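Small disclaimer: the values here were computed from a predicted structure and weren't measured. Basis for what follows: all heavy atoms, side chains included, without hydrogens, waters or symmetry-related copies.
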Number of protein chains: 2
Amino acid sequence: MAKFEHIKEHIYKKIESGEWPEYHPVSSENALANQFKVSRMTARRALQELSDEGLVTRTRGSGTFVAPLKSQSALLTIRNIADEIRTRQHRHHAVVKVMEQVPAYPALATALHVPVESLVWHSVIVHFENGQAVQVEDRFVNPRLVPNYGHQDFSVHTPHEYLCEVTPLTEASHQIEAVHPDDRLADLLELETPEPCLQIQRRTWCRDGVVSQAILTHPGSKFRLGGHMTFRSTRKSKGEKS
Amino acid sequence: MAKFEHIKEHIYKKIESGEWPEYHPVSSENALANQFKVSRMTARRALQELSDEGLVTRTRGSGTFVAPLKSQSALLTIRNIADEIRTRQHRHHAVVKVMEQVPAYPALATALHVPVESLVWHSVIVHFENGQAVQVEDRFVNPRLVPNYGHQDFSVHTPHEYLCEVTPLTEASHQIEAVHPDDRLADLLELETPEPCLQIQRRTWCRDGVVSQAILTHPGSKFRLGGHMTFRSTRKSKGEKS
DNA sequence: TGATTCATAATGTATATACAACATATGTGC
DNA sequence: GCACATATGTTGTATATACATTATGAATCA
């Protein structure tokens with residue numbers, strides 16, 4: 001492994017383990033150069049690449065710091081429903097309908113990478129925007145990675161927020177489809193007449209494995225998913241902010 | 001502007017203008033160093049950043065080349081429907097239902113950034129997978145940027161493929177929702193009984209403006225949208241492939 | 001106390017150099 | 001013609017150095 005990669009590895013572990021939290025200062029180029037017995041340019045490269053990858057932020061004259069976790073997913077973010085509602089200046093509240101431990105049926109066990117019939121957390125939460133139901137969140141959580149999931153108050157923070165805090169999320173996969181809601185969903189969403197629903201299945205990973213699988217169902221008339229992406233370079237150099 | 005940025009700019013223009021097509025060789029580090037009267041390390045930085053941004057690919061011993069346009073959108077790609085079907089080893093064919101020029105109604109004129117009532121291309125194409133209708137593609141195209149849109153044979157190449165060739169796409173935005181198909185859509189999709197449909201509205205940009213707006217409608221029972229994203233660093237260094 | 005100046009430290013840009021690793025074409029021997 | 005060695009060009013890594021630009025805190029002065 002190249003020297004600059006060793007240095008990256010070293011810093012990466014500090015961040016991943018939580019030893020260096022958000023905004024914690026990272027050793028300077030010169031400090032790393034001395035510590036690892038390399039030239040400043042080599043230490044610099046390690047920090048520069050970590051900066052490119054979004055793990056640290058660098059400001060000239062000041063130093064290098066662990067980047068805030070927020071700015072994670074730049075592109076088609078399936079955002080926290082609560083945030084989304086609040087940025088629309090609307091009221092959000094959530095009702096926890098189910099919170100239990102259930103044995104994992106085979107498909108679920110595969111999805112979460114846990115033994116079949118082992119207990120997993122299961123929650124059903126309905127999210128309201130200005131009093132109208134806009135999302136049913138049906139979620140299964142790996143208890144090995146998040147043992148205290150069942151003892152949180154999800155009318156305050158959303159499960160997504162809690163999981164982001166407890167486990168540093170590294171990956172997510174989504175499947176989106178249009179479905180006809182069954183009776184249970186129609187009831188939870190308080191739909192008078194059944195209407196097409198947008199259903200998002202999301203699985204999230206942290207470094208240690210699959211954290212959670214969620215099925216988010218939105219009534220088609222009250223929800224739209226948006227995303228923006230840029231394909232090619234914006235011709236900006238690394239340093240520039242925007 | 002920094003020297004390495006001048007070099008980036010120079011190469012960027014060659015690519016953007018089409019003067020250097022896909023796989024065209026890019027001047028070597030030493031050649032650029034001589035041409036721009038800078039050190040090799042500075043020329044190197046320009047090429048390195050262009051590589052990071054995905055505009056060029058570099059291979060040791062061989063050289064630097066303009067990157068193929070394909071590998072553009074790494075994340076939640078709403079792929080070319082034809083490709084998607086073919087990678088499932090299924091048959092794809094398309095039927096052009098409508099190909100016309102229509103005056104832009106106000107909302108459309110805004111979306112495409114063209115004058116109200118000016119003529120724009122409008123096409124309606126149905127895509128089939130193994131003989132079953134799986135997508136209605138309702139598309140409006142900016143004729144200023146793609147004057148010959150109406151004279152293509154879209155049973156061979158999809159509009160998306162054609163547009164990618166003609167205009168180097170730089171951005172796209174998507175809106176996804178679940179809808180109840182109207183009679184026209186139900187008819188085009190050959191739905192016996194109306195079912196929830198996944199509707200994707202996509203707008204694409206090239207450097208010179210909005211190229212096209214498409215509304216893609218899929219029957220919920222026959223389509224699912226998948227995506228994967230990684231949030232934080234994968235701890236890989238720049239050079240590594242995967 | 002408050003404002004200004006100054007020193008220090010950190011990152012940003014640029015250069016010159018050395019060697020390593022790899023790809024490709026060329027030539028050599030058989 | 002074919003296999004092998006060689007030369008050359010290209011990218012990758014690493015070092016040492018110089019100076020510019022910016023942030024921050026300490027020292028100085030009014």
Just to confirm, is there a sub-4.0 Å distance from OP1 or OP2 of D/dT11 to any side-chain nitrogen or oxygen of B/Gln48?
-> no
Output yes when at least one side-chain N/O atom of B/Thr64 is less than 4.0 Å from OP1 or OP2 of D/dT11, else no.
-> yes
Can you tell me how far P of D/dT11 sits from CG of B/Leu50, to the nearest Å?
-> 13 Å
Picking from D/dT10, C/dT13, D/dT15, the nucleotide nearest the side-chain atoms of A/Arg40 would be C/dT13
Quickly work out the B/Asp52 CG to D/dT11 P distance and round it to whole Å.
-> 15 Å
N or O in side chain of B/Ser62 less than 4.0 angstrom from C/dA23 OP1/OP2 | no
If you check every side-chain atom of B/Arg60, which of C/dT13, C/dA20, C/dT11 has the closest atom?
-> C/dA20
For A/Asn34 and C/dA9, give me the distance from atom CG to atom C1', rounded to whole Å.
-> 13 Å
What integer distance in Å separates A/Glu49:CD from C/dT11:C1'?
-> 17 Å
On DNA chain D, nearest-nucleotide positions of B/Ala31 versus A/Ala43: which is more 5'?
-> B/Ala31
Closest listed nucleotide, where the reference is the side chain of A/Arg44 and the choices are D/dA14, D/dT11, C/dT13 | C/dT13
Intermediate values then yes/no, side chain to side chain contact (heavy atoms under 4.5 Å, CB included), B/Ile15 and B/Val56 | CA-CA 9 Å; B/Ile15 298 175; B/Val56 302; 4.0 Å; yes
Check each of A/His92, A/His93, A/His218 against A/His127 using the ring pair (Phe, Tyr, Trp, His ring centres under 6.0 Å) test, and report the only one that passes.
-> A/His92
Quickly work out the B/Lys37 NZ to C/dA14 P distance and round it to whole Å.
-> 17 Å
Indicate whether OP1 or OP2 belonging to D/dA14 is found under 4.0 Å from a side-chain N or O atom of A/Ser39.
-> no
Spacing between B/Phe65 atom CZ and C/dC22 atom C1', to the nearest angstrom | 13 Å
Look at the side chain of B/Lys3 and decide which nucleotide, out of C/dT15, D/dA14, C/dT13, has an atom nearest to it.
-> C/dT15
Which nucleotide in the set D/dA16, D/dA14, C/dT11 lies at the smallest distance from any side-chain heavy atom of A/Met41?
-> D/dA16
Quick one: B/Leu32 CG to C/dA14 C1', roughly how many Å, whole number?
-> 16 Å
Under the side chain to side chain contact (heavy atoms under 4.5 Å, CB included) criterion, do B/Glu53 and B/Lys8 qualify, and how do the steps go?
-> CA-CA 11 Å; B/Glu53 293 163 16; B/Lys8 283 180 71 176; 2.8 Å; yes
Among the nucleotides C/dA14, D/dT11, C/dT24, which one has an atom lying closest to any side-chain atom of B/Phe4?
-> C/dA14
Closest of C/dA14, D/dT15, C/dA23 to the A/Val38 side chain is D/dT15
Taking atom CG of B/Asn34 and atom CD of B/Glu29, what is their separation to the nearest 0.5 Å?
-> 12.0 Å
Working to the nearest 0.5 Å, report the span between CD1 of B/Ile7 and OG1 of B/Thr42.
-> 7.0 Å
Just how far, in rounded Å, is C1' of D/dA14 from CZ of A/Phe36?
-> 16 Å
Name the orientation class of the two ring planes belonging to B/Phe154 and B/Tyr162 (parallel below 30°, tilted from 30 to 60°, perpendicular beyond 60°).
-> perpendicular
A/Glu29, nearest nucleotide to its side chain (from C/dT11, D/dG12, C/dT15) = C/dT11
